[in-house]
Amino acid sequence: MDEATLTDALEREHHEIDAGLEAFVVGIEAGHQVTADLTRATSALRRHIYLEEEFLFPPLRSSGLLAPVLVMLREHGEIWRTMDALEQEVADQDGRGATERCRELLSLLEAHNAKEEPIIYPEGDARLSGEAKEELHAFIQRGTMPDGWVCAMAAPR
């Protein structure tokens, strides 16, 4: 494994996703066609949500960390719906006018990550079995999200 802990690996993904979304905003504001930046970032974010909901959250929930995991799931739903809206705006407007929605997504991620990084990830390092950690690290390195997978709370409210 490249990173020493799950926290390191998952935080690295957060930084990469944020950088991709920020590159989209900067590119659009500069008048460039940068939908590929957005596609890479949202695909990475969807995959990241998948790995958390399928590999990280279930054992944390089973070990008694129910309330924080439920907060993360609720926020994932809001993030997912915002990504859907952003991608639709880009498809409808060829990227122009989507910067405000992308900034909204970045703001949601900032608030979400500010809770997830200091609370959830260290608990994953502390509570997951060695086998579960290895499985999660292996997915981080080369796993793919199944086609059609949608986060638990993505349904419109």
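In this text the structure is predicted, and so the values were computed from the model without any measurement.
- Closest of all the heavy-atom pairs between G20 and A41 is C-CB, 3.8 Å.
- Side chains of L109 and H14 form no contact here, defined as non-hydrogen atoms less than 4.5 Å apart.
- One finds a salt bridge joining D84 and R46 here, because a Lys/Arg side-chain nitrogen approaches an Asp/Glu carboxylate oxygen to under 4.0 Å.
- L73 and A152 get closest at one heavy-atom pair: CD2-CB, 4.5 Å.
- Of the inter-residue distances, the one linking L108 atom CG with I79 atom CD1 reads 6.0 Å to the nearest 0.5 angstrom.
- Between atom CD1 of residue I140 and atom CD of residue E135 there is a gap of 11.0 Å, rounded to the nearest 0.5 Å.
- Contact check for E52 versus E116: side-chain heavy atoms found under the 4.5 Å cut-off.
- In plain terms, the two heavy atoms of A98 and V90 that are nearest each other are CB-CG2, 3.7 Å.
- The closest donor-acceptor contact from the side chain of S43 to the backbone of R40 lies at 3.5 Å or more, if one exists at all.
- In terms of modelled atom types and a separation under 3.5 Å, the side chain of E13 and the main chain of H48 share no donor-acceptor contact.
- L86 contributes atom CG, which lies 5.5 Å from atom CZ of F24 (distance to the nearest 0.5 angstrom).
- A 4.5 Å side-chain heavy-atom check between D37 and V26 finds every atom pair outside the cut-off.
- Taking the charged nitrogens against the carboxylate oxygens, R81 and E78 have no contact shorter than 4.0 Å, which rules out a salt bridge.
- Within the 4.5 Å cutoff, side-chain heavy atoms of L56 are placed close to those of L128.
- Of the possible donor and acceptor atoms, one in the side chain of T7 sits under 3.5 Å from a partner among the backbone N and O of Y121.
- Using cut-offs of 30° and 60° for the angle between ring planes, the F139 and Y50 rings count as tilted.
- Using a 4.5 Å heavy-atom cutoff, the side chains of E11 and N113 are not in contact.
- Atom-to-atom distance recorded for K133:NZ and D125:CG is 5.5 Å, nearest 0.5 angstrom.
- Listed for the R47 side chain is a donor-acceptor partner under 3.5 Å among the backbone atoms of G143.
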- Begin from the C-alpha positions of L65 and I120 and carry the test side chain to side chain contact (heavy atoms under 4.5 Å, CB included) through to its verdict. CA-CA 9 Å; L65 209 63; I120 299 294; 4.2 Å; yes
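- Residue-environment remark: CD (E29) exceeds the threshold of 12 foreign heavy atoms within 6.0 Å.
- Counting only N and O atoms by type, the side chains of W149 and E54 include a donor and acceptor under 3.5 Å apart.
- Using bins of under 30°, 30° to 60° and over 60° for the plane-to-plane angle, the ring pair H76/F57 lands in the parallel bin.
- Contact annotation: the side chain of L38 never approaches that of I28 to less than 4.5 Å [non-hydrogen atoms, C-beta and beyond].
- With rounding to the nearest 0.5 angstrom, the OG1 atom of T99 is 5.0 Å from the CZ atom of R103.
- In terms of modelled atom types and a separation under 3.5 Å, the side chain of K115 and the main chain of M72 share no donor-acceptor contact.
- How far CZ of R127 is from CG of L6: 14.0 Å, rounded to the nearest 0.5 Å.
- Here the side chains of L136 and L51 are in contact, with some heavy-atom distance below 4.5 Å.
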